[in-house]
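Quick note on labels: first sequence line is chain A, next is B, and so on, each numbered from 1. Keep in mind that this is a model prediction, so the values were computed, not measured.
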2 protein chains.
Amino acid sequence: MKKYISILKRTRLFAGVGDSEIELLLPCLSARLCTYKKGEYVLRQGEHLSDIIVLVDGNLHIQKDDYWGNRSILGQISVGEMFGEAYVTPESGAVLNDVVALEDSVVVYFDVKKIITTCSSACRFHATVVQNMFFAISEKNRKLVQKLGHMSKRSTREKLISYLSEEAKRKKSSSFTIPFNRQQLADFLSVDRSAMSNELCKMRDEGLLEFQKNKFTLR
Amino acid sequence: MKKYISILKRTRLFAGVGDSEIELLLPCLSARLCTYKKGEYVLRQGEHLSDIIVLVDGNLHIQKDDYWGNRSILGQISVGEMFGEAYVTPESGAVLNDVVALEDSVVVYFDVKKIITTCSSACRFHATVVQNMFFAISEKNRKLVQKLGHMSKRSTREKLISYLSEEAKRKKSSSFTIPFNRQQLADFLSVDRSAMSNELCKMRDEGLLEFQKNKFTLR
DNA sequence: ACAAGTCCGTTGTATTTACAACAGAAAGAA
DNA sequence: TTCTTTCTGTTGTAAATACAACGGACTTGT
């Protein structure tokens, strides 16, 4: 666990909390470390959850496969990001999506009850963590709304423009690398891969953008 | 303001807080009442926000119109529900969507800073509100994920099935009324109204469901 | 009651997308 | 290297969707 404290320190959840304080907080929040090999499932649709999870190493996808084998990728989780926060309220039911490791990954589980129930005065940074968690969920919420913005576009081209310009804005550069290959991007935007590939090339030919593999440049 | 306390008491945000306590909390949270006539905008895309808002009377839609006039309805807000919570973190930028009153509506603004900064011991229910807000946002998050589930379906029929069966589950009955007319439902699911109308009738002819106006019955 | 406006279903056509299949490029393994 | 496997772009066809347009049912306001 100790080797990941420096990473936890840089996460949203522990912003403003120092190394030594984090070490004190960890047992107070019932922190548990778990490792997953590439391809393993961190969460499965239908499970119940009472923890918030932070990725400290590796890379995860939030996805769902339907009865006909169509895969939807709802999002991607990078090191330092939090997930599972939508399923920890008393009323929330089962987990709606799978979370799968794209590479060997390490996560830390935190008991939500412990987080929201401010404990003894021993850990005075507890309140900071609660506030951080609030901000983190709020931010997540915003991301979901943004994704809904992409998804609500009617055509493949519009979805691509919506997503790519969003990424450009986020990375503050017209050149950026996306965390998806073509199939994954198609699953993320809920479109057909070949149709999307087609559209991307058309847009390139029209001079709207350039790309090499996962690196895109908007014009 | 007083006439809405009984409504606030029944909201998620104030669950477990009594009438008299709410009255004490209101000034402590910088509560401000605002009324909007049918058709007026409560929030506009691009605005900045530092409040959480609760609807205490009326009915609202969260929506966005693009350059070409296509409207997307991201969600609908009923009395007692909270919104705006995604835009109140230090880093969150402008509001991404419009919020418009479908009928004459009344909302209450709460200063977020006041909420998350636990105040003097005078209002001992403050901590409860913080926890409630956490649950409420978490719940909202879940709703967004569910909507993404509908949106990620490829065909109009699948989107309809996804949405309608979700509603049936939520209302715990195979008969239920939806808060949208046809055009609004189409905007909500990001499909063409006539194509959707067509599909609905096909499904009815196949015996999958029945409907009169906004009342649906699944078979 | 009447007029104006809205809502809903229906139809035909043009456009777009999904699906299947394939070939070349790139990446990995033996 | 050579052999696989994966990834990407391309094409043709079938299917689904968007768009425009219209008539009837229902509302609303005068």
Side-chain angles (χ1 to χ4, degrees), chain A residues 38-39 61 65-73 102-104 150-164 177-206 208-216, chain B residues 37-39 61 65-73 100 102-104 150-164 177-206 208-216:
Chain A
K38 175 179 177 175
H61 267 189
D65 299 315
D66 68 16
Y67 310 105
W68 300 275
N70 293 314
R71 170 162 297 172
S72 303
I73 297 180
L102 290 183
E103 45 191 275
D104 292 359
H150 306 144
M151 301 285 296
S152 65
K153 302 293 182 204
R154 308 300 172 90
S155 68
T156 300
R157 173 176 293 224
E158 276 183 282
K159 286 181 185 172
L160 283 168
I161 291 175
S162 180
Y163 169 69
L164 292 174
T177 302
I178 66 173
F180 301 122
N181 63 29
R182 293 291 183 279
Q183 182 62 61
Q184 290 169 337
L185 179 57
D187 289 341
F188 181 74
L189 297 176
S190 284
V191 296
D192 181 72
R193 180 195 62 79
S194 65
M196 186 192 75
S197 198
N198 217 318
E199 202 63 35
L200 272 175
C201 292
K202 274 192 215 164
M203 291 164 76
R204 181 191 54 199
D205 296 343
E206 292 173 21
L208 289 175
L209 49 77
E210 291 173 18
F211 54 86
Q212 305 87 36
K213 295 198 62 178
N214 298 348
K215 187 178 177 193
F216 288 78
Chain B
K37 293 234 170 296
K38 175 177 178 176
H61 267 189
D65 300 313
D66 67 16
Y67 310 104
W68 300 274
N70 293 313
R71 170 162 296 172
S72 303
I73 297 181
V100 62
L102 290 183
E103 44 190 278
D104 292 359
H150 306 144
M151 300 286 295
S152 66
K153 302 294 183 201
R154 309 299 172 91
S155 68
T156 300
R157 173 175 293 223
E158 276 183 282
K159 285 182 187 172
L160 282 169
I161 291 176
S162 180
Y163 170 69
L164 292 174
T177 302
I178 65 172
F180 300 122
N181 64 28
R182 293 289 183 279
Q183 182 62 61
Q184 289 169 338
L185 179 57
D187 289 340
F188 181 73
L189 297 176
S190 284
V191 296
D192 182 70
R193 180 194 61 80
S194 64
M196 186 192 76
S197 199
N198 218 318
E199 202 63 35
L200 272 175
C201 293
K202 275 192 214 164
M203 291 163 75
R204 181 191 54 198
D205 297 343
E206 292 173 22
L208 290 175
L209 49 78
E210 291 173 17
F211 53 86
Q212 303 88 36
K213 294 197 64 174
N214 298 349
K215 187 178 177 195
F216 287 79

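- Remark: C1' of dT5(D) and CD of Gln183(A) are 15 Å apart, rounded to the nearest angstrom.
- Distance Lys202(A) NZ to dT8(D) C1': 17 Å, rounded to the nearest Å.
- One N or O on the side chain of Asp104(B) and one on the backbone of Lys38(B) form a donor-acceptor pair closer than 3.5 Å.
- Summarising the geometry, atom OG belonging to Ser190(A) is positioned 6.0 Å from atom NZ belonging to Lys159(A); distances are rounded to the nearest 0.5 Å.
- Atom CG in Asn198(A) sits about 11 Å away from atom P in dG12(D), given to the nearest Å.
- Atom CZ in Arg204(A) sits about 13 Å away from atom P in dT8(D), given to the nearest Å.
- Between His61(B) and Gln184(B) the shortest side-chain heavy-atom distance falls below 4.5 Å.
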Seminar exercise, completed: The contact string for nucleotides 13-30 of chain D, one letter per nucleotide 5' to 3', using protein heavy atoms under 4.0 Å with B, S and - for base, sugar-phosphate only and none, comes out as ----SSBBB---------

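- Of all nucleotides in DNA chain C, those with any atom nearer than 4.0 Å to a heavy atom of chain B start and finish, going 5' to 3', at dC7(C) to dT11(C).
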Exercise. Given Ile178(B) and Tyr163(B), is the side chain to side chain contact (heavy atoms under 4.5 Å, CB included) satisfied, shown in steps?
Worked result: CA-CA 10 Å; Ile178(B) 65 172; Tyr163(B) 170 69; 3.8 Å; yes

Exercise. Is there a side chain to side chain contact (heavy atoms under 4.5 Å, CB included) between Lys202(A) and Leu208(A) once you walk through the steps?
Worked result: CA-CA 9 Å; Lys202(A) 274 192 215 164; Leu208(A) 289 175; over 6 Å; no

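- Across the protein-nucleic acid pair, Phe211(A) atom CZ and dT8(D) atom P stand 10 Å apart, rounded to whole Å.
- Side-chain nitrogen and oxygen atoms of Asn181(A) include at least one within less than 4.0 Å of the OP1 or OP2 phosphate oxygen of dC7(D).
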For this session: Could you please spell out the steps behind the side chain to side chain contact (heavy atoms under 4.5 Å, CB included) verdict for Asp192(B) and Met196(B)?
Result: CA-CA 6 Å; Asp192(B) 182 70; Met196(B) 186 192 76; over 6 Å; no

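- Between Asp187(A) and Arg71(A), no side-chain nitrogen of the basic residue sits less than 4.0 Å from a carboxylate oxygen of the acidic one, so the salt-bridge criterion is not met.
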Problem set entry | Step-by-step side chain to side chain contact (heavy atoms under 4.5 Å, CB included) determination, Lys213(B) to Asn181(B) | CA-CA 8 Å; Lys213(B) 294 197 64 174; Asn181(B) 64 28; over 6 Å; no

